[in-house]
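I have placed the structure first, in the form of C-alpha cells, so that the comments after it can refer back to it.
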Amino acid sequence: MKDKVFLALGLFLLGWSFYQVWNQPSNISSGVILEIGEETFIVEIADNDEERVRGLSLREPIEANRGMLFIFDVSGNYSFWMKDMLFALDIIWINEGKRVVGIEKGIEPGTFPNKFYPPEPIKYALEIPAGNSAIEIGDMLQFKE
C-alpha cells in the first residue's frame, strides 16, 4: 500500500512539473497585434504596476517585430530605465490620441541607472529591439484584431 501512495505522489509531482514547464511564458510567442505607420508588431501588454516595472528585464533578445506595449491609466511623463536589460531598445512614446510623439533610439543596457522621459505626456510606450524600425514621429498606433 505504501508503494502505491509513493507511486501516485511521484506521478502527481511529475505531471505538475510538466504542467509548470509548458505553461511558462515564451519569448513573446503570442500577443496583441498592433500597427504603427507601415509596421506591424506582436506585443505583450504591460498594463499594471508589476508588469510595467518588470518590462522586458532579464529576457533574451526578442525578434525585430516583437515588443512590449506599456499602457498607463492616465497620461503622464513616465520614466523608463534599462535595469536588468540584456539587449538594446528603442522606446516609442505615444500620446493619448495614439500618435507617436517621440522616439528614443538605441538605448543600451549600460545606460542604467539613467532614466528616459517622453517629450510630452504619454498614455502608451512601445519597447522594441533597437535599430529595426522605421517608425516616425506623427505615425499612428492602431490595434488589430
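When reading the values below, keep in mind they use all heavy atoms of this one structure, side chains included, and skip hydrogens, waters and symmetry mates.
- Remark: Leu89 CG to Ile107 CD1 distance equals 6.5 Å, nearest 0.5 Å.
- Between Pro118 and Tyr78 the shortest heavy-atom distance is CD-O, 3.1 Å.
- Val74 and Ile122 fall within the same hydrophobic cluster, where Ile, Leu, Val, Met, Phe, Trp and Tyr residues are linked whenever their side-chain heavy atoms come under 4.5 Å apart, directly or through other members.
- A donor-acceptor pair under 3.5 Å links the side-chain atoms of Ser57 to the main chain of Lys83, judged by distance alone.
- In summary, Arg66 and Glu127 do not engage in a salt bridge, as defined by a charged side-chain N under 4.0 Å from a carboxylate O.
- Note: Ile92 CD1 to Glu39 CD = 8.5 Å, rounded to the nearest 0.5 Å.
- Atom CG of Asn95 sits about 11.5 Å away from atom NZ of Lys123, to the nearest 0.5 Å.
- A distance of 8.5 Å separates CD1 in Ile128 from CD1 in Ile62, rounded to the nearest 0.5 Å.
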Yes or no on side chain to side chain contact (heavy atoms under 4.5 Å, CB included) for Asn65 and Thr40, after CA distance, side-chain angles and deciding distance?
-> CA-CA 7 Å; Asn65 68 333; Thr40 302; over 6 Å; no

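- Closest approach of Phe41 to Ser133, counting heavy atoms only: CZ-OG, 4.4 Å.
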May I have the step-by-step check of side chain to side chain contact (heavy atoms under 4.5 Å, CB included) for Val100 and Leu141, ending in yes or no?
-> CA-CA 7 Å; Val100 174; Leu141 165 68; over 6 Å; no

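- Contact between Ile71 and Ile45 at its shortest, heavy atoms only, is CD1-CG2, 3.7 Å.
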How far apart are the C-alpha atoms of Glu44 and Arg59, what are their side-chain angles, what is the distance that settles it, and do they pass the salt bridge (charged side-chain N to carboxylate O under 4.0 Å, His left out) test?
-> CA-CA 13 Å; Glu44 280 188 66; Arg59 302 266 189 109; 2.7 Å; yes

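- Centroid-to-centroid, the aromatic rings of Phe72 and Tyr124 stay 6.0 Å apart or farther.
- Sequence neighbours left out, not one pair with a member in residues 97-120 passes side-chain hydrogen bond (donor to acceptor under 3.5 Å, both in side chains).
- At least one side-chain heavy atom of Phe87 sits less than 4.5 Å from a side-chain heavy atom of Leu56.
- For Ala46, the side-chain contact (heavy atoms from CB on, under 4.5 Å) criterion is met by Glu51, Arg52, Met68, Phe70, not counting sequence neighbours.
- The six-membered or imidazole ring of Phe80 lies near that of Trp93, with a centre-to-centre distance under 6.0 Å.
- Summarising the geometry of Pro109 relative to Leu86, their closest heavy-atom pair is CG-C, 4.1 Å, with the distance given to 0.1 Å.
- The CE atom of Met82 lies 7.5 Å from the CZ atom of Phe116; values are rounded to the nearest 0.5 Å.
- Summarising the geometry, atom CG belonging to Leu126 is positioned 6.0 Å from atom CG belonging to Leu69; distances are rounded to the nearest 0.5 Å.
- In the hydrophobic cluster analysis, where Ile, Leu, Val, Met, Phe, Trp and Tyr join through side-chain heavy atoms closer than 4.5 angstrom, Ile94 is grouped apart from Met140.
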